[in-house]
Structures are given as structure tokens and as C-alpha cells.
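Single-structure report; data block below.
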Amino acid sequence: MGINQSQGIQHLYWGEKVPAEDCAPLLKPYDFPFNTNAEKEREEFSPWGGMFFAEPSLKVMFHDGVRDLKMICSGHTIREKQPESGETGGNNSFDELVIHMQDVKYGLRVSLFYRVAEDLDLIERHCSITNTGEAPILIENAASAVWNLSGAEARNYRLTHAAGKWGCENQLRRDLLSEGKKILESRQGFTSPTFNPWFAIDDGTAGETHGPVWFGALAWSGNWKITVEKTIFNRVRVVGGVNDFDFQWELKSGETFETPVFTGGYTSGGFGEMSRKLHQYQLAHVLPGPHAGKPTKILYNSWEATFFDVNEEEQMKLAQKAAEIGVELFVVDDGWFGTRNSDRSGLGDWTVNRKKFPSGLAPLIEHVNGLGMDFGIWVEPEMVNPDSELYKAHPDWVYQFPGREGSLGRNQLVLNLARDEVKAYILDFMTDLLEKNNIAFIKWDMNRSFSECGWMEVPRSKQREIWVRHIRNLYQIWHTLRQRFPEVMFESCSGGGGRIDLGIMHYADQFWTSDNTDAFDRLKIQYGYSYVYAPKAMMCWVTESPNSMNERKLSLTYRFHSAMTGSLGIGANLNHWNDEEKAEACRLISQYKEIRHIIQFGSVFRLLPPNDGNICAVQYVGEDKKESILFVFNHSQQFGETDLRIRLQGLDKNKKYEIGSPADFTMTGSGLMNLGLPVQLKGDFSSALIRLKILE
Ligand code: DGJ
């Protein structure tokens, strides 16, 4: 980028590294002589004002009704990387450029932040908007960043993104861009399963292993919007941040509004390389300490086994069985509190149900700990059932418009977390729960979209701030809890994978990926998830067969293999498993313990996608390239296709690898990556897990 003759910060180039001097000639105002200021389309930050008609990155109204912005660059600062603090998620580990912009007349200053993670070639961008005048300013739209793409290849640009729904999250879509806008967004108050806040654009030639890909992912768990706009001047602009729909923020004199971070990058190594960069970024810079560097524990969750019917005796029995097969963390899901016998009542009343747990949680926790496992528990703090003590005491704590009935979703209403007393209530009961019980893990759920989002107690100019305030308070609660209880791990869940994003990932150790636990459906969900998010944070449970979601019958081994491609959990009713099944589970769990460092901290290579052909293959290569794991899944046996050759990736081509454990045979890295590894799979829904190790 550079500052052109009209004082605009003009984007010049984004892609493979080229010398800056080659870009310099591009730095000139672009003149299009009819009704539009086309030059603005090339700016790094494009406030709404003047003859600018593309998607803006900032729109405000001043106290006198003026809604026009003319911003010029007023300088910049560069801060160099500080020594690592040992904590992840900090911004000290980046070099930072800040560009300062100023309206030509009004007291409005914008700072554009660029933090460069040089090792990964990624840039974290966001901006801050400050009112340096006397009177309040109303912000109507404040995007985090504008990503510019241009060049001859713009003709063939394709957008890849994720779309989905409950039970079917993260389905990949790839479409050619033509002029106009494609909007990916959530207006549901949370990230939502409908779209996920990331984009990937290629020039029409990229694949898994090759080709240019420009990509970005937004760190925000509330209403978000990413607009991918191809203009008539053949440029593609991606503008993203907090959704401007129903948004307004009153910025008083001296106040600053900070936008969420939008991380972006470029690779010439295709979608696979894009994903690996993003995974490494999350492991190094996003996932919170102190667990980010430690392997994720194998958990058991009783939800699918008991649903709301939890009680001390049955949970103790399940815990015993879970410990026997090698589980490390035992989690009690919904139903342990208040009158929570179904989803119709009790939500909000966070006191232990004494009919189910006569002496509180302590006996169960002691039992679980005595079996050598940690104890975890489910909560859904942002919600309330109308049939609850909390709602009776505080009917005004939910989002609502006066005189209008609120829509129920799963029989519940959304608490107005923009309110300080709601925030305090949640923080207090969570602190109490964690202080009084030896809880090592929280599954934080959130099971409905926001609706009728009225907040009538504050002046009208502030009522639309709820979309941002709710999420900021949520982040603050998680932040405070993590500080108070650093050893506790947190899982972000939202009716399955409705709250998976880089924003909550700063506070959450892992995500619940989907309520659909069918191991075959999961391959597609997990494939889409892996485009952006690290396998370590992807919770996958082995549940029962036939699966309650779609009645599909799958072998225990297949179910395990599918779940072992992320962080392994067990969600089946262990009372239903016979000795043979328990022995098989035991074997696979101990195998997972031996290989999880490769899956959780290594690099993933999507060799054959699950939605294209009958064979799906995914490979993990350890940090030092010495070990690798291959998973192969066959969903429908075709005649003559039992002897497969799977071409591996990411190995050392000059080294010899032992295949199998114990080793069956050896092959060179070069042979494995070019000839392919011979794999035999017979029968529908058969699967294989193959271990490879460098022969020293
Ligand atoms: C939705 C979650 O995704 C499930 O795993 C389970 O925790 C239920 N909520 C409990 O109500």
C-alpha cells in the first residue's frame, strides 16, 4: 500500500512476495470520469462519503446530522515484536504497523492496525475509531478490514466458504464470483451454523496442493458480516467485521470503538497450505494458555446416553465404565440442576437438583477423581426457561420489546447479557460453581438464536449496541473465569457447532463440532471445519450404532477412526457395550493416546475429500516429520477397488518409513508420495488407520 496523490491509502498488491519497487508505479489516483470515485474502491479503508458506492468500511453520523466522511492519512507508527511472554493469544509476538487517519473537518480519528505473524505470513487486522471531538458520534457501520484483490486473474476468482445448519455444519461451497456482492453473515446474535466467518478466494486454478489462495477469518462470535464484492472495475474487495444490520454505537467524546480482529493471508500452496497456516496460527497465537500446548484429554460425555435423565447412581456407573476403557475426563451434560427434566424448565436455576444428586455434586466428583479422571460439567448461562425461578425473579432480564411476546426457541429466551447485572449474575454463579466443586472442564452451551432484541432501559441511541455488548461481556466473563481458574478447560458449544470462530477461540480450548455424531456425516462436517480450524480444537465423540440422527449403522472401529481425526471423545451409552466392544474401545483409546500428538500438533493433509468419490483419506504428519498417521474411509465398495494406492504428502522424500505398528514393510517418502501407499479396504463403511515412522 502507499499514500497516493489524493492522500488516500491505496492498496497496491497482495500475493506472492515481489519487490516494493515494482509496486510503486501502481501508486497513482485512478480516474474514472463518470459518476463514481472508482479510486476509493482500491483503498485500504473506505469510509462512506463522497462519490463512493461500494461496500463501505465505516459509516457514521455526526451530531449535526452530517453523514459524510473524508478521511486522510495523518501518519503511522511501527512497533516491533516484543519478546514472547510464554502465553498464547497475546499480540506481543507480532510486528505492528498502525496507520492513523483523520476526518478533514470533524474530530474523528481511525487507526488501522496490521500485526504481522511473519513465520506464517499472516496479518491480523482491525481498527479503532476514536471521537476526538466534543459531541457524540453515531457509528452505523464499522468493519474490521478491507481486503483487496486485483489483477488479470480477477476474471476467474472463486469464493470458497462454509454453509450449514444444525446437524450439518461447515459444508463447503465454491462458486465463481461475478460482479455484485456475496454476503456471508449472521444476524442471529451468535456465530451461527448458517455460515462461518471466513473466506477463501482463488484464481480458478487452486486445489488442495497448489495454486494461489487469499483467505481471511474473523475473530467475532456475534452478528458478523463478510461482504465479497466484485466491482465492475474487476477488483474484488472483501469487507468484514461486526454486522451493520440493526447496529448503532454511540461514541461519546474521548471514547474509542475497537473492532474485532480479521486475520488474513495468502499462499501459493493451495487450500491445504492455507489450512495448515491457520491451524499453526491458532496453536501458536489464538488458543488460550495454559492448555494450548498440552494434548486434549479424552472425554466421556453422558448426553446421548441419558439426555436429561441424569442422577448420581447412573453417572457413577457410567464413570466406572468410562475409566475402564481409558477415558481421562468425565463430563455430565444438561439436566443436573434446578427442575431441568426436559428442555421445558429449569434453565437459569444453577443449583444442583437434590433429587438427582442428594448430596450435591461432591460424591460424584470424588468418585470420578478416585477413578483417575477429571470432572467436567455442562452449563448454558446466557439462556433462561420462562418456567424457572430466575425468570420469575427477573422477567426483565431477557431481550424483549414491550407489549410483544418473545419467540421461544427450544422453550427458552435469551438473557440480555448487555446488562451489567446479568453479566454479574453469570460471573457469580460460575465462580461459585467452580470454587465449590473440583471441576476441571466447562462445556458452555448456547442453544438458540436471538430475537426481539429490545433493551428498553437505556436511551434509544444505545439500544442497538446489544449485538456487540452481549459478546463483549461474554468474552469478559470467559476471560475473568480463565484468570480465576486457570486450570479449568472450556468448550464452546452452540447446539453443536454454532459458535466456532477465532473470537471465542481466544478463550475456549475446544469446540463441540456438531450434534450430528454419525461418523460418516461427521467426515464431511469435519472436512469443512478443517479448512480453517485446528483438529486439536475439534471434539468428536464415538456414539452408538445405529446413530440416533440418521439410523446409520457403522462398526465401532469406523466410528472410532472418524472421531480420532480430531480430539477424541466418547458419547455412547457404555451400558450397551459388550465385553468385546469395550475391549476394542480400550485398544483404540490407548492407540489414540500414542498418536494424538501427531493429530493435535502436526500438519493435516486432506488427501481425498469425503464428498467426492467413495474413498476419503486424511493424513497427519508430526511436527518433526518423523511420524505420520493415515486414516482411510471407504463408504461404498466398488468392484475392483479393494487394492488402493493412496498418495501421501508432507513426508521426507529421502527417508525410509516403516509402515504399520509393528512394522509390516518399509517404503521411501518419495515412493509413498508418488507411487502411493498400498491400502486394502473391503466392504461398505470400512476404514483403516495406518501408522508410519521414519526408519532411523
Ligand atoms: C446441545 C448440545 O450441542 C448437546 O451436546 C447437548 O449439550 C445439549 N445441547 C444439551 O441440552
Side-chain angles (χ1 to χ4, degrees), residues 164-170 188-194 196 221 299-311 315 318 322 329-350 353 356 375-385 387-388 408-415 433 439 441-449 489-501 504 508-519 521-522 525-526 529 537-544 547-550 563 566-573:
K165 53 192 175 224
W166 176 77
C168 187
E169 296 86 344
N170 283 310
Q188 299 172 52
F190 68 124
T191 324
S192 105
T194 316
N196 195 271
S221 315
L299 67 73
Y300 176 80
N301 180 301
S302 61
W303 174 243
E304 288 198 23
T306 63
F307 293 105
F308 295 96
D309 195 11
V310 291
N311 63 59
Q315 292 290 312
L318 285 170
L329 166 67
F330 183 84
V331 184
V332 174
D333 210 278
D334 201 349
W336 59 270
F337 53 91
T339 56
R340 188 75 170 165
N341 299 316
S342 72
D343 62 17
R344 284 186 294 278
S345 74
L347 199 54
D349 301 339
W350 299 105
N353 181 314
K356 299 177 180 180
F375 180 81
I377 203 157
W378 176 98
V379 290
E380 191 179 0
E382 297 153 81
M383 300 284 159
V384 65
N385 282 127
D387 184 2
S388 67
L408 289 175
R410 210 192 186 213
N411 302 305
Q412 62 199 51
L413 295 166
V414 188
L415 289 175
L433 184 68
I439 291 174
F441 172 89
I442 290 289
K443 174 177 174 183
W444 186 297
D445 204 348
M446 192 290 202
N447 280 301
R448 61 155 292 176
S449 305
M489 286 173 294
F490 288 79
E491 179 173 283
S492 168
C493 169
S494 179
R499 197 181 255 166
I500 298 176
D501 60 77
I504 200 75
D509 302 281
Q510 57 198 56
F511 299 123
W512 179 225
T513 318
S514 177
D515 276 351
N516 185 344
T517 57
D518 171 75
D521 282 3
R522 264 304 189 98
I525 295 168
Q526 295 171 185
Y529 167 102
M538 177 173 79
M539 273 316 299
C540 316
W541 301 346
V542 175
T543 54
E544 305 218 12
N547 188 278
S548 55
M549 189 74 80
N550 56 15
S567 276
L568 176 66
I570 313 292
N573 189 338

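All residue numbers in this chain count up from 1 along the given sequence. Counting starts at 1 for both ligands and their atoms, following the listed order.
- In terms of protein heavy-atom proximity, atom 4 (C) of ligand 1 is closest to Asp515 OD1, 3.4 Å.
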Please step through side-chain hydrogen bond (donor to acceptor under 3.5 Å, both in side chains) for the pair Asn447 and Asp445, ending with a clear verdict. CA-CA 6 Å; Asn447 280 301; Asp445 204 348; 3.0 Å; yes
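- Looking at atom 1 (C) of ligand 1, its nearest protein heavy atom turns out to be Asp445 OD2, 3.1 Å.
- Atoms of ligand 1 lying under 4.0 Å from at least one heavy atom of Cys493, given by number and element, are 2 (C), 3 (O).
- For Asn447, every heavy-atom contact with ligand 1 shorter than 4.0 Å involves the side chain, none the backbone.
- Remark: side-chain polar atoms of Gln412 are not paired, donor with acceptor, to backbone N or O of Met383 under 3.5 angstrom.
- Looking only at distances, no side-chain donor or acceptor of Asp333 sits under 3.5 Å from a matching main-chain atom of Trp378.
- Lys443 places no side-chain N or O within 3.5 Å of a backbone atom of Trp512 that could act as its donor or acceptor partner.
- For ligand 1, the polar-atom distance check finds no N/O of Trp541 at less than 3.5 Å from any of the ligand's N/O atoms.
- Looking at Trp303 next to ligand 1, no N or O pair under 3.5 Å apart turns up.
- Taking atom 5 (O) of ligand 1 as the reference point, the nearest protein heavy-atom neighbour is Lys443 NZ, 2.7 Å.
- Between Phe308 and Trp336, the distance from one ring center to the other does not fall under 6.0 angstrom.
- Closest to atom 6 (C) of ligand 1 among all protein heavy atoms lies Asp333 OD1, 3.3 Å.
- The two residues Glu169 and Ser514 have their closest heavy-atom pair at OE1-OG, 2.6 Å.
- Looking at ligand 1, you'll find an N or O of Gly496 within less than 3.5 Å of one of its N or O atoms.
- At least one heavy atom of Arg410 sits less than 4.0 Å from an atom of ligand 1.
- With no hydrogens or angles considered, a side-chain donor-acceptor pair links Asp501 and Ser221 at under 3.5 Å.
- Each of the atoms 3 (O), 5 (O) of ligand 1 lies under 4.0 Å from some heavy atom of Trp512.
- Side-chain contact check for Asn547 and Thr517: at least one donor-acceptor pair (N or O, by modelled atom type) lies under 3.5 Å.
- Protein heavy atom closest to atom 11 (O) of ligand 1, with residue, atom name and distance, is Asp334 OD2, 2.6 Å.
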